[in-house]
Number of protein chains: 2
Amino acid sequence: MSTARKRAPSARSLETKAKILDAAELVFAERGFEGAALRDIATLAAVPVGLVHHHGRSKEELFCQTVRRRATEMAQIRMESLARLKESGDLTLYAILDCFMRAYITLAETEGAPWRAYGRLVAHVSSDPRWKGLTEECFDPTASAYLDEILTLYPDAERAAAAAGQVYSVSSMLAHRNSGWRIDALGEGHQETELERLVTFCAAGFEAILNGS
Amino acid sequence: MSTARKRAPSARSLETKAKILDAAELVFAERGFEGAALRDIATLAAVPVGLVHHHGRSKEELFCQTVRRRATEMAQIRMESLARLKESGDLTLYAILDCFMRAYITLAETEGAPWRAYGRLVAHVSSDPRWKGLTEECFDPTASAYLDEILTLYPDAERAAAAAGQVYSVSSMLAHRNSGWRIDALGEGHQETELERLVTFCAAGFEAILNGS
DNA sequence: GTCTATATGTAGATAGAC
DNA sequence: GTCTATCTACATATAGAC
């Protein structure tokens with residue numbers, strides 16, 4: 001068939017492609033899809049512009065690939081965390097949300113720029129209906145798995161209520177990572193924004209709407 | 001002085017400027033700052049491109065003016081609502097958050113496109129540090145006033161904790177308005193996303209972190 | 001204030017040599 | 001796969017007639 005893959009790419013090629021994706025995620029995260037220029041990505045990756053087109057196929061494709069690469073890894077980590085939590089038997093709403101959030105926040109706080117950029121990338125993706133397809137592909141499976149677990153704990157709750165709680169929680173988590181400057185400005189001080197506080201907020205809010213539905 | 005204002009603009013001029021701002025808020029909301037083209041704004045407003053430059057001075061200035069126009073009105077409404085609430089004497093955390101959120105959600109649900117666009121505009125502004133100055137000017141005074149009221153109810157709470165709650169709450173409110181498609185997708189159904197549910201979530205979460213701090 | 005014409009820069013994409 | 005050169009389109013901004 002004509003759909004057969006070409007022969008495996010060389011090590012050099014893979015390395016170049018990785019460099020391009022590394023640069024792309026920083027630039028896309030910083031400036032958004034429209035604001036990012038392929039030329040800046042090429043410069044940061046220290047490759048000619050042509051190569052960015054060659055590996056990315058198009059700006060839109062490159063953006064999707066960039067998100068997909070991290071999202072795949074993130075989803076895997078989150079599913080493993082959830083599996084471990086289920087084995088531990090400590091299934092509470094707080095524990096499930098903590099599991100979901102800690103998986104990312106830990107990476108962002110310890111693994112440096114790439115994962116910090118990913119948070120902003122996700123914020124761009126999930127605030128623009130343009131990326132609806134990408135969202136469904138990258139985020140929905142994991143979100144649904146966690147949602148199911150929560151609904152098991154609250155069998156009388158409506159799924160729609162839980163879905164709202166999930167979306168509010170994720171947006172709070174993104175604000176926690178991406179809008180620390182807002183919290184500092186309003187709070188008149190600098191703080192290690194604590195993960196516990198975020199999870200406490202979301203768990204209490206979540207429980208309130210699950211019981212009330 | 002050379003800072004003296006020129007003579008008052010004609011009625012025609014004010015009308016044109018309003019048309020331009022009306023168009024600008026829709027285009028900026030839809031496509032973000034970078035993605036919006038002054039040409040599209042001009043087309044939508046049915047004026048030549050040159051006029052957009054004349055009234056806006058620059059793309060960045062035009063963006064700020066667009067946000068400022070609605071933000072000023074929003075801030076006034078929110079401050080009046082808060083004053084009325086204080087007179088009523090029914091000062092609870094839930095009532096304060098309901099007051100803050102209902103002020104906007106009502107406009108978005110009853111006043112059509114412009115106020116719905118404003119929600120997305122605010123999301124763009126508060127997710128990009130580039131607009132830090134604009135944020136401080138347009139949103140911080142109102143946010144602080146509500147924050148003070150909440151801290152009066154919880155005198156032992158840290159201001160930093162309340163600031164975090166405020167930021168989480170606002171981001172949840174923006175998600176409520178702007179990411180309804182996400183809630184629908186995860187909830188597998190269409191719903192009148194209810195304001196009560198949002199306020200319940202935020203009030204419960206807020207209280208949990210205020211008591212715990 | 002209004003509008004036309006144009007200046008200037010830069011974007012994404014492509015063709016083709018190596 | 002890699003890289004250079006170039007095509008085409010459209011962006012913001014300005015100068016100047018009305």
Side-chain angles (χ1 to χ4, degrees), chain A residues 4-67 69 124 128 130-131 134, chain B residues 4-67 69 124 128 130-131 134:
Chain A
R5 291 297 273 265
K6 312 189 195 79
R7 70 168 162 286
S10 69
R12 172 97 186 281
S13 171
L14 287 175
E15 202 178 309
T16 304
K17 170 133 198 181
K19 270 201 307 184
I20 290 172
L21 288 180
D22 289 345
E25 81 184 335
L26 293 182
V27 176
F28 279 131
E30 187 74 20
R31 308 223 261 264
F33 178 74
E34 316 280 358
L38 297 190
R39 286 181 153 73
D40 297 339
I41 295 173
T43 303
L44 185 59
V47 302
V49 218
L51 266 192
V52 177
H53 276 99
H54 178 78
H55 282 102
R57 310 275 301 170
S58 77
K59 191 183 183 183
E60 196 164 322
E61 257 294 307
L62 178 64
F63 183 81
C64 293
Q65 290 173 32
T66 303
V67 173
R69 182 179 62 158
H124 286 126
D128 192 340
R130 162 183 203 159
W131 306 114
L134 189 63
Chain B
R5 291 297 270 267
K6 312 186 196 80
R7 70 169 164 286
S10 69
R12 171 97 188 281
S13 172
L14 286 175
E15 204 177 308
T16 305
K17 171 132 197 183
K19 272 201 307 184
I20 290 171
L21 287 180
D22 289 346
E25 84 185 333
L26 292 181
V27 176
F28 279 133
E30 188 74 21
R31 308 222 261 263
F33 178 75
E34 316 280 357
L38 296 191
R39 283 178 148 71
D40 297 339
I41 295 173
T43 303
L44 185 59
V47 302
V49 217
L51 267 192
V52 177
H53 276 98
H54 178 77
H55 282 103
R57 309 275 302 172
S58 77
K59 191 184 183 182
E60 197 163 322
E61 258 293 308
L62 178 64
F63 183 82
C64 292
Q65 290 173 33
T66 304
V67 173
R69 182 179 62 157
H124 286 126
D128 191 340
R130 164 182 200 156
W131 306 115
L134 189 62

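A note on names: the letters A, B, ... follow the listed sequences, proteins ahead of strands, and every chain is numbered from 1.
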Checklist entry - For the atom pair CG (D128(A)) and CZ (F33(A)), what is the distance rounded to the nearest 0.5 Å? => result 10.0 Å
Item to check | Given T16(A), I41(A), L26(A), T66(A), the one that forms side chain to side chain contact (heavy atoms under 4.5 Å, CB included) with L21(A) | outcome: T66(A)
Next on the checklist: What contact category does A42(A) fall into here, base, sugar-phosphate, or nothing, at under 4.0 angstrom with non-hydrogen atoms?
Outcome noted: nothing
Next on the checklist: In this structure, how many angstroms lie between the P atom of dA5(D) and the NE2 atom of H54(A), rounded?
Outcome noted: 19 Å
Item to check | Separation of dG12(C) P from I20(A) CD1 (nearest whole Å) | outcome: 14 Å
Item to check | Atom pair distance, as rounded to whole Å: NE2 in H55(A) and C1' in dT2(D) | outcome: 9 Å
Checklist entry - H53(A) has an atom NE2; how far is it from atom C1' of dT14(C), in whole Å? => result 8 Å
Checklist entry - Separation of L14(B) atom CG from dT2(C) atom C1', in whole Å? => result 15 Å
Next on the checklist: Looking at every non-hydrogen atom in both residues, tell me the closest pair between K17(A) and Q65(A) and how far apart they are.
Outcome noted: NZ-OE1, 2.8 Å
Checklist entry - Within the structure shown, what part of the strands sits under 4.0 Å from A11(B) by heavy-atom distance: base, sugar-phosphate, or nothing? => result nothing
Next on the checklist: Restricting to non-hydrogen atoms, name the atom on E34(B) and the atom on K59(B) that form the minimum distance, rounded to 0.1 Å.
Outcome noted: O-NZ, 3.5 Å
Checklist entry - Can you check the L51(A) CG to dA15(C) P distance for me, whole Å? => result 17 Å
Checklist entry - Can you check the K19(B) NZ to dC3(C) C1' distance for me, whole Å? => result 13 Å
Checklist outcome for this item: Which of dA13(D), dC3(D), dT6(D) is nearest the side chain of S58(B)? It is dA13(D)
Checklist entry - Within the structure shown, what part of the strands sits under 4.0 Å from R12(B) by heavy-atom distance: base, sugar-phosphate, or nothing? => result sugar-phosphate
Checklist outcome for this item: From CG of L38(B) across to C1' of dA7(C) the rounded distance in Å is 16 Å
Checklist entry - Would one find a side-chain N or O of T16(B) under 4.0 angstrom from OP1 or OP2 of dG1(C)? => result no
